[in-house]
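Order of the sequence lines fixes the chain letters, A, B, ..., with proteins taken first and strands second; residue numbering starts at 1 for each chain.
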Amino acid sequence: MSKREHRPAQAVERAREAAASTRQLLAAQADATLVRAAQTGDRTAFEELYRRHVQLVYARLTRLIGFSPDREDLVQQVFWSFHLALPRYRGDASVAAFLHGIVVHIAYEALRKRRRAMGTSKELELDQLVAPDATPEARARQREQLARVFVLLERLKPKKRIAFVLHVVEELPLTEVAVLTRSQPRAVGQRVAYARRELLQMLQREGGVDE
Amino acid sequence: MSKPAAELDEMTALLRGLRPELDELARARVQARLSEAIGAAAVAPAPARLRPSRVLWPIGAAALIAAAAALVVSVRAPAPAPQRAPLAVHPPVVAVSPPSALVPPGPARLELAPHALAGAAAAGLVPRLGQPSDQFELPEGAVARAAIGQHMRLSLRGPARLRALALTSDRIELALDRGELAVEYDAGKGGELVIHTPHARVRVVGTLFGVRVGGGHTSVGVAHGAVQVDAGAERHLLHADHAWRSKPGTIGALDRDMRRALQAHAESVRPPAATHGVLSVEGSRSGVTARLGAQLLGETPVWALVQVGAVEVSLTEPGGGTSIVRTQVAGLERAAGAARDSVGSRTQPVPRRAAAVNGPADRTAPPPDTAALLYARAEQCLAGGDRDCARRELEALVARFAESAEAEPALYELGQMAADCAAAVPWLERYLRQHRNGRFAAGARQRLALCHAAR
């Protein structure tokens, strides 16, 4: 294949990458535009921000606090806090990052309050989350695993749990987790390490009982 | 790797792959509560912490009571005894409903159109309405239309029985035992509206909707807005063009009969007309007999539909003392913000026009276009998958607001959205002419290069 024939394919790839990053930029810019409009009292703009981010907020909340029945109320709290914070929002962070901070704070408060009241996962809901194309056996196993992981996480202290989920599950760098949790990166690292150790001990104990 | 460590990794990966989604109803429910809270916060100090709607309603109610208090006007009358709170006479807070006496016996169709109201008022039948104990019974085929305050209009189709459980400025509670009720309700102007049926409790978010009770079950259909239906432990949020049935407890499409009834209701003549207004006599004292000339209105609190203009109301205390109150009754269709009359009463705000079923959702004047608004609209169009709509908005943006900050991404986006190079090149070239070192210049050059290569 000649060098000339290579060029369009490479250029298309580059253009695709550029388009993807442009999309992100445009999305961030559209968010900024909507925030500016919402700051002037435009409720339609706020509703649009809600529509754009609600699923992300919900997913993050679920990963942080599990299948708690009050997630819907917590989503509402997140957006209400966001609405109250709008006048102070200067666009230093993206809307998604700003919302993530609120989600973490509200999740922490919720976990702190109901730590001992174990959130039980609804089987139906878990069923909707496991891979739809898996075999019934695989689905049952995934469902069981999901229920188990949330039961284990529930035994961790809220700060450790949040640090673990943000760093290990969501793969955020320690510095970013530290910003979100208003802590020092070193403290976050320690929480993650403790959380991991405690989870391993729990699994080991469970394994021992099983065996 | 040890077994627990491998297990933990597997669990972590499973958790990472989790993509839970808030279902459409829950999303709409949260959005409705947020709108409600933001609306309440616009007229009252924002609550420190948002709770579900059961906590928000009192906030809204407090705001409404404050607004209602602001409407109470001075009364030109002999000074009441100093230790007694004065009565307020003013245009309505809560207003008119049709008494069952108006419904003729046997199959009939009753439209409380302006002329009917005028006739009824002349016959002295309309006054003394809106009492919590009121009960309306309609025979087969009869239709009664009425307005309650400025924010609710209803049509009741017989055979029907509707009972008023609570009628205050911040709460209207009705019980529909049987029959078909179509309601247009503006939650932004009124407080809570709840309709009880034998099988469900319907809480209104602000909408045009219908409730039908018959054959051992309840149907709720929505033409505009949203309604929350509580049936036992279940809760549903109904949106436009959807209906809920207590049997089998499912949500489906709005049926043809209900749609027709809602359409008829939306298109019906508004009962209050410019010739009539509502006189309200209320205050902290009850049991005061109010008369309009020789016509007995009833005991306070009382609301009556009367002809517009100056009226003289005589108030007789339970002990026998009589005082005269003069005030001006404004027509219900007069413009909002019109000048106060001679005794300081406010004229009525313009009632919201009934929108036809499936008519345009936006009933208020659209805000003036701005670059930000056009850009946001384009984003909305894109989110909905309508590229043509997005293109139109962006083209309007770059034509009308070429100097705005939004024009730069709009130009670039137009170039990217173009279906082929012939359409894309003019936008991209224009982008590069105007924003040689712009944020998207690299992307624009790449696409241009591709287009030139393709030639």
| query | Taking atom CG of B/Leu15 and atom CD of A/Glu170, what is their separation to the nearest 0.5 Å? | reply |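 B/Leu15 CG to A/Glu170 CD: 8.5 Å, rounded to 0.5 Å.
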
| request: First locate atom CE of A/Met202, then atom CG of B/Leu8, and finally report the distance between them rounded to the nearest 0.5 Å. | output: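 Taking CE in A/Met202 and CG in B/Leu8, the distance rounds to 10.0 Å.
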
| query | A/Tyr194: what forms a ring-ring contact (aromatic ring centres under 6.0 Å, His included) with it, not counting sequence neighbours? | reply |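 Counting only residues at least two positions away or on another chain, A/Tyr194 forms no ring-ring contact (aromatic ring centres under 6.0 Å, His included).
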
| query | Can you check whether B/Met11 reaches A/Leu199 side chain to side chain, under 4.5 Å on heavy atoms? | reply |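 Answer no - side chains too far apart.
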
| Pairwise side-chain contact, B/Leu14 with A/Val149, heavy-atom cut-off 4.5 Å (strictly under) |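 Answer no - side chains too far apart.
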
Checking [X] against chain B: side chain, backbone, both or neither under 4.5 Å from a heavy atom?
X: A/Leu153; result: side chain
X: A/Ala37; result: neither
X: A/Gln201; result: neither
X: A/Leu34; result: side chain
X: A/Leu61; result: neither

| Between A/Phe164, A/Tyr50, A/Phe46, the one whose heavy-atom pairs under 4.5 Å with chain B are most numerous |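 Option with the top pair count is A/Tyr50.
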
| Shortest non-hydrogen contact from A/Arg196 toward B/Asp9 |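 Heavy atoms of A/Arg196 and B/Asp9 come nearest at NH1-OD1, 3.8 Å.
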
| field | Backbone N/O of B/Pro20 and side chain of A/Arg63: donor-acceptor pair under 3.5 Å | value |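 Checked: no pair found.
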
